[in-house]
Amino acid sequence: MAHISLNRRALITGRVLSADRVVSPPGCEIASIIVQARPERLAALEAAITALPGCEIHGRDPRGKLVVVTEAPDAGSLGTMLNTIQSLPDVYSAALVFHAIETA
């Protein structure tokens, strides 16, 4: 790789980085998602979410809210899981409220 001087533009555009410098973190990524859904369909939604790989329900409000904790190998998988939950029937919204990388 040719020497690139470090300046603001090179840093913002990513020209100072190369693919061989990117190191995936060991372990996994954990996230909490707040799901707002139709209250009368909450039990069915809870069953659908717990059927997804790596998802657990850690809180439930009968007015239509669920706290979902999920674990995935990388951030892309977490994003996919968030989109999957958001697209389930009877879900009004799904919002990421916590994200952490757990090291091995």
Side-chain angles (χ1 to χ4, degrees):
M1 181 173 154
H3 177 69
I4 298 174
S5 64
L6 183 59
N7 61 44
R8 184 174 181 270
R9 183 168 305 280
L11 185 64
I12 291 172
T13 59
R15 286 182 283 171
V16 296
L17 300 176
S18 68
D20 55 317
R21 290 186 188 172
V22 177
V23 177
S24 297
C28 64
E29 306 209 11
I30 299 171
S32 291
I33 301 169
I34 298 292
V35 179
Q36 178 73 44
R38 295 178 60 157
E40 65 274 9
R41 300 285 301 146
L42 206 54
L45 180 60
E46 190 172 348
I49 291 173
T50 55
L52 295 172
C55 287
E56 297 177 3
I57 305 295
H58 278 270
R60 185 177 201 259
D61 184 332
R63 293 176 290 180
K65 293 181 184 174
L66 295 173
V67 177
V68 179
V69 175
T70 185
E71 185 177 299
D74 55 44
S77 299
L78 283 179
T80 300
M81 183 62 65
L82 181 62
N83 289 336
T84 300
I85 292 171
Q86 175 65 47
S87 64
L88 290 172
D90 304 312
V91 171
Y92 295 141
S93 67
L96 181 70
V97 293
F98 175 79
H99 174 237
I101 299 172
E102 187 172 290
T103 57

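Hydrogens, waters and symmetry mates play no part in the numbers below; they use all other heavy atoms, side chains included.
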Hey, quick one: are [X] and [Y] part of the same hydrophobic cluster, counting side-chain heavy atoms closer than 4.5 Å, chains of contacts allowed?
X: Leu82; Y: Leu66; answer: yes
X: Ile57; Y: Ile34; answer: no
X: Leu52; Y: Leu45; answer: yes
X: Val35; Y: Leu42; answer: yes
X: Ile101; Y: Ile33; answer: no

*asked:* Could you work out, with salt bridge (charged side-chain N to carboxylate O under 4.0 Å, His left out) as the rule, every residue matching Glu46, not counting sequence neighbours?
replied: Arg60
_Short side-chain to backbone donor-acceptor contact, Thr70 and Gly54, under 3.5 Å_ = yes
*asked:* Test question: given the 4.5 Å side-chain rule for I, L, V, M, F, W and Y, name all other residues clustered with Ile30, or answer none.
replied: Val69
Listed by chain and number, what are the side chain to side chain donor-acceptor pair (under 3.5 Å) partners of [X], not counting sequence neighbours?
X: Gln36; answer: none
X: Gln86; answer: none
X: Ser77; answer: Asp74

*Give the minimum heavy-atom separation between Pro53 and Met81, together with the two atoms involved.*
O-CE, 3.3 Å
Side-chain atoms of residues 87-97: list all donor-acceptor pairs with protein atoms under 3.5 Å, sequence neighbours left out, distances to 0.1 Å.
{"from": "Ser87", "atom 1": "OG", "to": "Asn83", "atom 2": "O", "distance (Å)": "3.2"}
{"from": "Ser87", "atom 1": "OG", "to": "Thr84", "atom 2": "O", "distance (Å)": "2.9"}
{"from": "Asp90", "atom 1": "OD2", "to": "Arg41", "atom 2": "NE", "distance (Å)": "2.9"}

